[in-house]
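To keep things clear, I will list the structure first and then write my remarks on it.
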Amino acid sequence: MDFRDSPEEADFRKRLRAWIADNNPGLPASSTDDEYWARQAEWHTALYDAGFFGLSWPKRFGGHELPTVFDVILDDEIAAAGAPPRPSLGYLVQGITTHGSEAIQDRFLPGLISGRERWCQGFSEPDAGSDLAALRTTATRDGDEYVLQGHKIWTSYSDVADWCFLLARTDPGVPKHKGLSAFAVPMAQPGIEQYPLRMINGITKEFGQVVFDGARVSAANMIGEPGEGWRIAMTIVSHEREPGEVGYVSRYAKTVKDLEKTLRADPGAYRSDQREAVAWAYVQAEMLRLHVRRRLSERLDGPDHGPGGSIDKILMTWVEQSVGAATLSAAGSRAVVDGDEVGLKIYLYSRAQSVMGGTSQIQKNIIATRILGLPVT
Amino acid sequence: MDTRDTPEQAELRRTASRLAGELGPRTVTDLDDRERNQRLAEAVRGTGWLELRHDDGEGKPLASGVEAAIIAEALGQAVAGVPFAGPTLAADLARRAGAQPIDGAVVGFAPDLVGAAVVAGTATDAPILAVDHAAQGPVAAYVLVADGDGYRLALARGEGTSDGADLTRNVHQLPPGTSLDPVAEQSRLLSREDLDAWTTLGLVLTSADMVGLMRGVLDVTVEYAKERKQYGVAIGTFQAVQHLLAEAQCLVEGAFSAAVYPAWAVDELAPAEALTAGRVAKAYAARAARTVCETAVQVHGGIGNTWDCIVHVHLRRALLSSEWFGGDGEQLRQLERSRLGVVDGLS
Ligand SMILES: Cc1cc2nc3c(=O)[nH]c(=O)nc-3n(C[C@H](O)[C@H](O)[C@H](O)COP(=O)(O)OP(=O)(O)OC[C@H]3O[C@@H](n4cnc5c(N)ncnc54)[C@H](O)[C@@H]3O)c2cc1C
């Protein structure tokens, strides 16, 4: 057990720290402002071009083939500088590397990792959220292409995406989990309509609705085999649930740091319950920072696509929501007098963490049956 | 950076859980099985685990906080009725003072259990709590005596009585007026930093104990949920029960992740930094352990509220481990002071 940087890690940390000091775009928290999302693409490409993104991924796709724990350093330094979190797309990389053909990997991974091509994830539908396998969007073969018909919703960053990682039904004649396939669908085409959604905290760039009405995708853009869609989706969501993969931990650490700074500036202005809420948020954020170190260490010998991500997701959710509760508490009456109060916005956004990527109830079902081995009826 | 166990640590973890699992109590009746307790005590002594924090000859402990936490966790998991954290903390304190360890001694705590008792003069003027002392025999407990900028050790000795909540470990009370013996051959005064580092070890061992006992009580409870039938099906099929147990599992994992860091940090980082990590671990583990043990009682239903069901043994042990060196409330207050600044009228 060693929490210290190796010489290579220390050197990387030093270079990264210096680079962030000069290049921190100083964006607002991702959860409070549309400006963050508008400028996220720039941050992604800047981080990538400087050699600080895609650290553990294969070199031939633009990665650096470094040990997984280098992402810990990235999260640490981002948090310390209060820079925007690293782009959260590792789960798509996992999905494509695990299931995509060589041709698919060569075609799509470099653009995804470098940030030159932006992606969204088209899984959920109005009538298929938790019960994802009930989805009704169809992909019907027509020569060398598939024709798409259907309605996706809560699709994050769909408005700026070049590609959609789409889950669609290719075979209506088989049981629901078996008839799904995955595609890389180009978003800039006539058969796709987008309708932005406004989140409860007012931001409009988080997610939208995407309607496919006769849009087309080349059969060569199928990821994995026909009928493999469910397995691919499960690989993706299992990693989407890991804070080590999504990098949110730096966002929580930064928020807590900012809160602590505010309270320290005038300790007497806060009640004991407000101080305790902030201290508890610190405890939670620290726990997650350490949990991510542990989980990325466990991955030093290769990834595990098992159900452990569901535990990570619950822990991450508790952390985000403790942090959100603390920002609300510390804001006091300002949170209700000023609807633009950042503490209010962070709090409202935190409620989504127990829904996105599979709700907390779904995670608990998975933990109970697949980790604890409790019986299913 | 690699936060996994080294092969030696992994081996120690296996050995410790095997031994504690074999010799720890399976039932509440086992708690009074003197022969079983004796075998456990001898086994722990025989392994050398009580000497982990003894001096290696150069002022360093023989083994790191990580090894000590591994043992504490295994004994907690088995709710093993054998002193470990008590004598280990006493040996650590003695080493820091450059004194020879005294076999069987523990540290005497102030009545609030948060820190070692500080005394003046030749006899105590408040009760001293000798935590995790052996059940029988005369009690020997180190206390602190202020000396200039630092502290010396003295030894409070007496016949203690123990009737605490924890059914697996003893808290002997030495009454006020207990006389103090000097501790021979102390080569150094204990500084604030020494006490911070020692406190960190206390936070580490009590947190690790709670991680272990959460694992133990959750195992018992998951098994029960698979066996107990109502409405013709195992209660573990009910989603309400599943979700309680799933939450408990997450709490165990979170508490473990938070607890391993100070176990490493206590020997590797500056005392103040390690202490903060210890407080984080303890705050998290204390809240988690309380919830997980309460879940265990709940999932056992009526039987869980009977003396003969083992889960209250875990709950009671969690109450002591939580309170010893301060529970979540105390740790949060301390983190508020150090991180958010001191407020008049609020401490
Ligand atoms: C911020 C945000 C971003 C998102 N981004 C994306 C994205 O990029 N791509 C995408 O495809 N989707 C995305 N989603 C959608 C998300 O995956 C779904 O909202 C989620 O899976 C839940 O589905 P639902 O909304 O239909 O809720 P429902 O499934 O209708 O659930 C409603 C309630 O019922 C409970 N429930 C449902 N089934 C069970 C069960 N079996 N046991 C116990 N309780 C149950 C749920 O826990 C929940 O509390 C996003 C959502 C949010 C909030």
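A note on names: the letters A, B, ... follow the listed sequences, proteins ahead of strands, and every chain is numbered from 1. Every heavy atom of this structure was used, including side-chain atoms; hydrogens, water molecules and symmetry mates were not.
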- Close side-chain approach of B/R333 and A/E276, heavy atoms under 4.5 Å: yes
- Query: Is there side-chain contact between B/V343 and A/Y270, with heavy atoms separated by less than 4.5 Å?
  - Reply: no
Measuring heavy-atom distances to chain B, does [X] have an atom under 4.5 Å in its side chain, in its backbone, in both, or in neither?
X: A/I73; value: side chain
X: A/T262; value: neither
X: A/F70; value: neither
X: A/V278; value: side chain
X: A/N365; value: both
X: A/E9; value: side chain
X: A/V72; value: side chain
X: A/Q363; value: neither

Would you compute the distance between atom [atom1] of [X] and atom [atom2] of [Y] and round it to the nearest 0.5 angstrom?
X: B/E223; Y: A/L372; atom1: CD; atom2: CG; value: 10.5 Å
X: A/K364; Y: B/Q242; atom1: NZ; atom2: CD; value: 12.0 Å
X: A/E8; Y: B/M1; atom1: CD; atom2: CE; value: 12.0 Å
X: A/E260; Y: B/L335; atom1: CD; atom2: CG; value: 9.0 Å
X: A/F3; Y: B/E268; atom1: CZ; atom2: CD; value: 10.5 Å
X: B/L251; Y: A/I311; atom1: CG; atom2: CD1; value: 10.5 Å

Heavy-atom closest contact ([X] atom, [Y] atom, distance):
X: B/L269; Y: A/R4; answer: CD2-NH1, 4.4 Å
X: A/A279; Y: B/E336; answer: CB-CG, 3.7 Å
X: B/W264; Y: A/M1; answer: CD1-O, 3.4 Å
X: B/E253; Y: A/H291; answer: O-ND1, 4.2 Å

Against chain A, label [X] side chain, backbone, both or neither, depending on which of its atoms sit under 4.5 Å from a heavy atom there.
X: B/T276; answer: side chain
X: B/V222; answer: both
X: B/Q331; answer: neither

- Where do A/V283 and B/L332 land on the side-chain contact (heavy atoms from CB on, under 4.5 Å) test, with the steps shown first? CA-CA 8 Å; A/V283 168; B/L332 290 172; 3.8 Å; yes
Taking every heavy-atom pair that is under 4.5 Å apart, which of [options] has the most such pairs with chain B?
options: A/I367, A/L263, A/L374; result: A/L374
options: A/G373, A/S6, A/G268, A/P67; result: A/G373
options: A/R294, A/R264, A/M287, A/Q361; result: A/R294

- Within 6.0 Å of CZ in A/R15, more than 12 heavy atoms from elsewhere: yes
- Task: Please say whether more than 12 non-hydrogen atoms of neighbouring residues, nucleotides or ligands are located less than 6.0 Å from OH in B/Y224.
- Result: yes
- Query: Listed by residue number, which members of residues 295-308 of chain A have a heavy atom under 4.5 Å from any heavy atom of chain B?
  - Reply: A/S297, A/E298, A/L300, A/D301
Report, by ascending residue number, the residues of [range] in heavy-atom contact with chain A at a distance under 4.5 Å; give 'none' if the set is empty.
range: residues 278-292 of chain B; answer: B/V280, B/A283, B/Y284, B/R287
range: residues 233-241 of chain B; answer: B/A234, B/G236, B/T237, B/Q239
range: residues 67-79 of chain B; answer: none

- Query: If we ignore angles and hydrogens, is there a donor and acceptor under 3.5 Å between the side chains of B/T3 and A/R293?
  - Reply: no
- Centre of B/Y261's six-membered ring, under 6.0 Å away, within 45 degrees of the axis: is that where NZ or CZ of A/R289 sits? yes
- Between B/V66, B/T6, B/D5, B/V260, which shows the greatest number of heavy-atom pairs under 4.5 Å with chain A? B/V260
